[in-house]
2 protein chains.
Amino acid sequence: MSVTILENRSQTATRADDAFDCLQTAIVKGDLAPGEKVGEIDLCERFALTRGPLREALGRLESRGLLIRRPHAGFKVVSISGDELVELYRIREAMEGLAAQQAAERMTDEEITDLLALLDRHEEMVDQAQGQAYYQHEGDYDFHYRIAMGSRNRKLSQMLLGDLYYMVRMYRYRLSTSAGRPHKALREHRSIADAIAQRDGELARFLMQRHINAARLNIENKIQSGSLTL
Amino acid sequence: MSVTILENRSQTATRADDAFDCLQTAIVKGDLAPGEKVGEIDLCERFALTRGPLREALGRLESRGLLIRRPHAGFKVVSISGDELVELYRIREAMEGLAAQQAAERMTDEEITDLLALLDRHEEMVDQAQGQAYYQHEGDYDFHYRIAMGSRNRKLSQMLLGDLYYMVRMYRYRLSTSAGRPHKALREHRSIADAIAQRDGELARFLMQRHINAARLNIENKIQSGSLTL
DNA sequence: TAGGCCGATATTGTCAACAATATGTCCGTT
DNA sequence: AACGGACATATTGTTGACAATATCGGCCTA
């Protein structure tokens, strides 16, 4: 959940780190609404912090694109338009395609075994909850998370997990999946995992790109039909 | 040069912003060597800053991956291995391919005219300086910069210009181009620009990917032959 | 009455002193 | 003599007070 795994924040966590994690999850979970203006003092009492570490965390959030700062005028939570959300998926298509290819070439056999087991667990979840749960409970991101890590490409995983996913997850709760899509998405995940298991990098890349492309089209339709308001 | 254009830091620049820019260029230019350990106090007197803004800048640099922090033990400038440098080019290949495609679809006619004019100027520079100057004087990055901006994809340009290029440019001065490569690179640039001028997105993407792939192979050869030490 | 200017206020940016922690050294022990 | 542990030191992390600036309301003018 936290970013700890990514940047091996080896030893003691500093308060600024805590503040960073708190704020990040607050933004992603929607506790701080997109577009909302946030004041330093509010946040201080809200998270029981002093302004120093808080400001440091705010700066880091800004540099990750989750907050927007206007000098002397405070921060506000980033809010992206429908178009920008779609653009995010185009980036994902390119980057995760690469990640899938490299993962197919570089994941250990053990990691692949785990990946397949993860999909089994996801299948149970989807059956059990009639497809509702998959996206809601971050299972989807678990899958993509493992692919990103499996690429053994430090910068790539850093950019995917640190920059893109948080933005996408901000709008996750509104993207209640259309009926049937979870099953379809899970099938697509499995085909990607199979390609990885066969060490077929090109196929994995192709399938991942098509998978994310499908998700993008799904969102575009929702925006078109007006059932998704940003 | 600065990041100002990217994030429209509309009004007054704060000292932390200055510190950020100073440190960033210092790292990119090599004034702060890769792997070098930097102490807060040293930097304070070096850039005539106080610790508050400095720390904020350091945090932002860390979150961009140019610095690495160990809690209570200071920062050091990131130093990447040859493998990691190559991985960077794989990411560029995927992302800039997308950027080129979107640029072909979205740049204004005026921007395209300017782009072609830019290449004319570059040609003069290359002829005049026998090919030395192209990479050295950031002309190369000017071209890629315009493509990234032309994609009209905010996050994409932000990631390319804010995350990737600075890391690549850190190692630019060591990548003295092999004889003849600048001319070749310029030809490739021109073919990409032509594809964009013809609004052929798929071709532009293909050519850009091949262009960056060639640059990657060039680097891999240098590493192999031992003529590039990291 | 509408528009723009100006100042009070609250918020952000900056500073310098204090507390907590890692590093490196010295000493004692084995 | 070499290793391990504890201490001193220097560096980082944190705090609260101070200075600078944008926002908002009221006032004046056209």
Side-chain angles (χ1 to χ4, degrees), chain A residues 2-4 7-24 26-27 32-33 35-79, chain B residues 2-4 7-24 26-27 32-33 35-79:
Chain A
S2 140
V3 88
T4 307
E7 322 155 355
N8 48 353
R9 192 173 296 158
S10 42
Q11 281 90 329
T12 58
T14 167
R15 297 209 182 183
D17 294 330
D18 297 344
F20 181 75
D21 288 348
C22 284
L23 285 175
Q24 182 149 333
I27 293 172
L32 271 57
E36 181 178 345
K37 178 171 170 290
V38 294
E40 292 186 0
I41 305 171
D42 303 346
L43 294 176
C44 282
E45 42 195 51
R46 190 162 176 174
F47 294 101
L49 285 163
T50 107
R51 279 186 60 211
L54 182 83
R55 280 181 61 81
E56 202 172 311
L58 289 174
R60 280 149 79 173
L61 265 308
E62 183 207 9
S63 133
R64 292 217 173 170
L66 268 73
L67 289 179
I68 295 179
R69 142 191 280 159
R70 273 179 310 169
H72 294 279
F75 290 84
K76 69 177 202 227
V77 181
V78 72
S79 87
Chain B
S2 140
V3 89
T4 308
E7 322 155 357
N8 48 353
R9 190 174 296 157
S10 43
Q11 281 90 328
T12 58
T14 168
R15 296 206 183 185
D17 295 330
D18 297 343
F20 181 76
D21 288 348
C22 284
L23 286 175
Q24 182 149 357
I27 293 172
L32 271 56
E36 182 178 346
K37 178 171 168 289
V38 293
E40 293 187 2
I41 305 172
D42 302 345
L43 295 176
C44 282
E45 43 194 51
R46 190 161 175 173
F47 294 102
L49 285 164
T50 149
R51 278 186 60 212
L54 182 84
R55 281 181 61 81
E56 202 172 311
L58 289 173
R60 281 149 80 174
L61 265 308
E62 183 207 9
S63 141
R64 292 217 173 169
L66 267 74
L67 289 179
I68 296 178
R69 143 191 279 158
R70 273 180 310 170
H72 293 278
F75 291 84
K76 67 177 201 217
V77 181
V78 72
S79 87

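Quick note on labels: first sequence line is chain A, next is B, and so on, each numbered from 1.
At least one side-chain nitrogen or oxygen of A/Arg55 sits closer than 4.0 Å to the OP1 or OP2 atom of C/dG13. Within the 4.0 Å cut-off from OP1 or OP2 of D/dT23, at least one side-chain nitrogen or oxygen of A/Arg70 is found. One finds no side-chain N or O of B/Thr14 lying less than 4.0 angstrom from the OP1 or OP2 phosphate oxygen of C/dT12.
Base contact: A/Gly52 has a heavy atom under 4.0 Å from a base atom.
Between A/Ala73 and A/Pro53, the residue anchored nearer the 5' end of DNA chain D, judged by the nucleotide with its closest heavy atom, is A/Pro53.
Within the 3.5 Å criterion, the main-chain N or O of A/Asp18 finds no donor-acceptor partner in the side chain of A/Asp21.
Rounded to the nearest 0.5 Å, atoms OG (B/Ser79) and CD1 (B/Ile68) are 7.0 Å apart. Within the model, atoms CD1 of A/Ile41 and CD of A/Glu45 stand 8.0 Å from one another, a figure rounded to the nearest 0.5 Å. In this structure, the separation between CZ on A/Arg15 and SG on A/Cys22 is 12.0 Å, given to the nearest 0.5 Å.
The CD-P distance, from B/Glu40 to C/dA16, rounds to 15 Å in whole Å. When the P atom of D/dA22 is taken as reference, atom CZ of A/Phe75 falls 15 Å away, rounded to whole Å. Per the geometry, CG belonging to A/Leu58 stands 13 Å off C1' belonging to C/dG13, to the nearest Å. Put simply, CG on B/Leu54 is 13 Å from C1' on D/dT11, counting in whole angstrom units. Counting to the nearest Å, the P atom of C/dA22 and the NZ atom of B/Lys76 are 16 Å from each other. Atom C1' of nucleotide C/dA16 and atom CD1 of B/Ile41 are separated by 13 Å, given to the nearest angstrom. Rounded to an integer number of Å, the gap from NZ of A/Lys37 to P of C/dA10 is 13 Å. Going from atom CG of B/Asp17 over to atom C1' of C/dT12 covers 13 Å, rounded to whole Å.
For A/Thr50, the side-chain atoms get nearest to D/dT14 when compared with the rest of D/dT23, D/dT14, D/dT12.
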Atom pairs and distances, side-chain donor-acceptor, residues 46-57 of chain A, under 3.5 Å, sequence neighbours left out:
{"from": "A/Thr50", "atom 1": "OG1", "to": "A/Gly52", "atom 2": "N", "distance (Å)": "3.4"}
{"from": "A/Arg51", "atom 1": "NE", "to": "A/Glu40", "atom 2": "OE1", "distance (Å)": "2.8"}
{"from": "A/Arg51", "atom 1": "NH2", "to": "A/Glu40", "atom 2": "OE1", "distance (Å)": "3.0"}
{"from": "A/Arg55", "atom 1": "NH1", "to": "A/Glu40", "atom 2": "OE2", "distance (Å)": "2.8"}
{"from": "A/Arg55", "atom 1": "NH2", "to": "B/Glu56", "atom 2": "OE1", "distance (Å)": "3.1"}
{"from": "A/Glu56", "atom 1": "OE1", "to": "B/Arg55", "atom 2": "NH2", "distance (Å)": "3.2"}
{"from": "A/Glu56", "atom 1": "OE2", "to": "B/Arg69", "atom 2": "NH1", "distance (Å)": "3.4"}
{"from": "A/Glu56", "atom 1": "OE2", "to": "B/Arg69", "atom 2": "NH2", "distance (Å)": "3.0"}

In sequence, state the C-alpha distance, the side-chain angles, and the governing distance for A/Ile27 and A/Leu67, and then conclude on side-chain contact (heavy atoms from CB on, under 4.5 Å). CA-CA 9 Å; A/Ile27 293 172; A/Leu67 289 179; 3.9 Å; yes
B/Leu23 and B/Val38: side-chain contact (heavy atoms from CB on, under 4.5 Å), yes or no, with the steps? CA-CA 11 Å; B/Leu23 286 175; B/Val38 293; over 6 Å; no
For nucleotides 18-20 of chain D, list the nitrogen or oxygen atoms of the protein found under 3.5 Å from its nitrogen or oxygen atoms, one pair per line.
none

